[in-house]
Novice: 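Handing you a structure now.
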Number of protein chains: 2
Amino acid sequence: MVKAKSNLFSEELTNSAALFKALAHPARIQILQYLASQKTCITGDISEVLPLGRTTVNQHIKELKEIGLIKGTIDGVKTKYCLNPCKIEEFKEVFDALYGSLENSCSTISCD
Amino acid sequence: MVKAKSNLFSEELTNSAALFKALAHPARIQILQYLASQKTCITGDISEVLPLGRTTVNQHIKELKEIGLIKGTIDGVKTKYCLNPCKIEEFKEVFDALYGSLENSCSTISCD
DNA sequence: TTTATTTGACGCAAAAATACGTCAAATAAA
DNA sequence: TTTATTTGACGTATTTTTGCGTCAAATAAA
């Protein structure tokens, strides 16, 4: 049996990995980019611009909502999806911190 | 049967998702950070600084090697692992491009 | 040579991710 | 009210990921 290893890593590490995992599928990246390209919060069936079925896309949207990268507000029978700039900013900070820690050391590394 | 959907997305999108997936596990992030902290290419059992078994860590290392973020060179019976600055730089470019496309639009989005 | 050390390959089991069909609730339109 | 539309919840099948034990090859040490 595979043990529950979720709590074996630091919270920061777990949080970072979860953010990267959110972008670990082309559909989810495309959803974010589509939302951005519309320049406004959008409603309707996003699956029409993706090569996947509606429920599958809905599932990817749900994951993006759960991690906080997008928000969904109910507007009558429709749901309005929006990018969440705060979370996107947080993602950038996480990435930059990681990149910084990796990049700083690169110059002193002798590889080949 | 679940159809093969791998080629339904653009190559760029698939490539980006693969990079993010490489960091989608805390162990893989920690391995990269450990390599960077050593300030040199290292050899030996990295699993000693991770809460996972040796073969499991080896598998994560293999994934990082396959995506190109680290390199491994054979040195006698030992294997020397190094960060690959080129790939890390490429990762930053991919991230910055994505962030740019998302961030640009954020200012014009009205969310709440 | 014999014995240890280091490492990756291989296989297996459990868990998670992926893709999608069906259904029901909620609202809008007729 | 009846009918259509929109959406998420739920279940299911398949694939992928994760974690690890075992084994063998390759080198180093005795």
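Please read all numbers here as calculations on a predicted model, not as lab measurements. We name chains A, B, ... by the order of the sequence lines, and we start the count at 1 in each one.
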Novice: To the nearest angstrom, how far is Leu23(B) atom CG from dT17(D) atom P?
Specialist: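 Spelled out: CG on Leu23(B) to P on dT17(D) is 15 Å.
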Novice: Atom OH in Tyr34(A), atom CD1 in Ile31(A): separation rounded to 0.5 Å?
Specialist: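 It comes to 11.0 Å.
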Novice: Within the structure, does a side-chain N or O atom of Thr56(A) lie under 4.0 Å from either OP1 or OP2 of dT18(C)?
Specialist: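 It does not, given that no N or O in the side chain of Thr56(A) lies less than 4.0 Å from OP1 or OP2 of dT18(C).
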Novice: Would you kindly give the CG-to-P distance between Leu8(A) and dA15(C), to the nearest whole Å?
Specialist: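 For the pair Leu8(A) CG and dA15(C) P, the rounded distance is 15 Å.
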Novice: Tell me, please, which residues at least two apart from Lys62(B) pass salt bridge (Lys or Arg N to Asp or Glu O under 4.0 Å).
Specialist: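 Once residues adjacent in sequence are excluded, Lys62(B) has no partner under the salt bridge (Lys or Arg N to Asp or Glu O under 4.0 Å) criterion.
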Novice: When you check the phosphate oxygens OP1 and OP2 of dT7(C), does a side-chain N or O of Tyr81(B) lie under 4.0 Å from one of them?
Specialist: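 No, because none of the side-chain N or O atoms of Tyr81(B) sits under 4.0 Å from OP1 or OP2 of dT7(C).
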Novice: Using a 4.0 Å cut-off on heavy atoms, which residues in residues 25-34 of chain A reach DNA chain C? List them by number, or say none.
Specialist: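 Under 4.0 Å from DNA chain C: His25(A), Arg28(A).
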Novice: Looking at side-chain heavy atoms only, is the closest gap between Leu98(B) and Leu102(B) below 4.5 Å?
Specialist: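 They are in side-chain contact.
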Novice: Ile74(A) CD1 to dT6(D) C1': how many Å, rounded?
Specialist: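 To the nearest whole Å, that distance equals 12 Å.
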Novice: Using the salt bridge (Lys or Arg N to Asp or Glu O under 4.0 Å) criterion, which residues pair with Glu63(B)? Sequence neighbours excluded.
Specialist: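 With neighbours one apart ignored, the set is Arg28(B).
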Novice: Can you measure Gln59(B) atom CD to dT16(D) atom C1' for me and round it to whole angstrom units?
Specialist: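 Those two atoms, CD and C1', are 12 Å apart.
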Novice: I need the single residue from Leu35(B), Leu32(B), Asn84(B), Leu83(B) that forms a side chain to side chain contact (heavy atoms under 4.5 Å, CB included) with Leu64(B). Which is it?
Specialist: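 By the side chain to side chain contact (heavy atoms under 4.5 Å, CB included) criterion, Leu64(B) pairs with just one of Leu35(B), Leu32(B), Asn84(B), Leu83(B): Leu32(B).
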Novice: At under 4.0 Å between heavy atoms, how does the protein contact nucleotides 22-28 of chain C? Give one character per nucleotide, 5' to 3', with B, S or -.
Specialist: B---BSS
Novice: So which nucleotide from dT17(D), dC20(D), dT7(C) ends up closest to the side chain of Thr79(B)?
Specialist: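 Selected nucleotide (nearest to the side chain): dT7(C).
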Novice: Can you measure Asn58(B) atom CG to dT22(D) atom C1' for me and round it to whole angstrom units?
Specialist: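 Checked: the CG to C1' distance equals 14 Å.
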Novice: Could you tell me how far apart Glu63(B) (CD) and dT16(D) (C1') are, to the nearest whole angstrom?
Specialist: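 Answer to the nearest Å: 10 Å.
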Novice: According to side-chain hydrogen bond (donor to acceptor under 3.5 Å, both in side chains), who are the partners of Lys21(B), at least two apart in sequence or on a separate chain?
Specialist: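 Lys21(B) satisfies side-chain hydrogen bond (donor to acceptor under 3.5 Å, both in side chains) with no residue once adjacent residues are dropped.
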Novice: Assess, by modelled atom type and distance only, whether the side chains of Tyr81(B) and Gln38(B) contain a donor and an acceptor separated by less than 3.5 Å.
Specialist: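 Note: Tyr81(B) and Gln38(B) side chains miss the donor-acceptor criterion.
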Novice: Which string of ( ) [ ] | and . matches DNA chain D, if you list each base 5' to 3' and count Watson-Crick or G-U pairs only when both distances are under 3.5 Å?
Specialist: ||||||||||||||||||||||||||||||
Novice: When the ring planes of His25(A) and Phe9(B) are compared, do they come out parallel, tilted or perpendicular, using 30° and 60° as the limits?
Specialist: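 Taking Phe9(B) first and then His25(A), their aromatic rings stand perpendicular (interplane angle over 60°).
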Novice: To the nearest 0.5 Å, what is the distance between CG (Leu8(A)) and CG (Leu50(B))?
Specialist: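 Answer for the CG-CG pair, Leu8(A) versus Leu50(B), is 10.5 Å.
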Novice: Rounded off to whole Å, could you give me the NZ-to-P distance for the Lys62(B) and dG19(D) pair?
Specialist: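 After rounding, the reported distance stands at 15 Å.
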Novice: Please state whether the rings of Phe91(B) and Phe20(B) are parallel, tilted or perpendicular, taking 30° and 60° as the class boundaries.
Specialist: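 If you compare the ring of Phe91(B) with that of Phe20(B), the planes turn out perpendicular.
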Novice: Using only side-chain N and O atoms of His60(B), determine if any of them is under 4.0 Å from OP1 or OP2 of dT17(D).
Specialist: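 Answer no for this pair, as no side-chain N or O of His60(B) is under 4.0 Å from OP1 or OP2.
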Novice: With heavy-atom distances below 4.5 Å as the criterion, would you say the side chains of Ile70(A) and Lys87(A) are in contact?
Specialist: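 They are not in contact (no side-chain heavy atoms under 4.5 Å apart), so the answer is no.
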Novice: Starting from P on dT18(C), measure out to CG on Leu64(A) and report it in whole angstrom.
Specialist: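 Going from Leu64(A) (CG) to dT18(C) (P), I get 11 Å.
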Novice: Report the residue (Lys78(A) or Lys21(A)) whose heavy-atom-nearest nucleotide on DNA chain D is the more 5′ of the two.
Specialist: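 Final value for this comparison: Lys78(A).
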Novice: Distance from Lys78(B) atom NZ to Asp75(B) atom CG, nearest 0.5 Å?
Specialist: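 Interatomic distance, Lys78(B) NZ to Asp75(B) CG, rounded to 0.5 Å: 8.5 Å.
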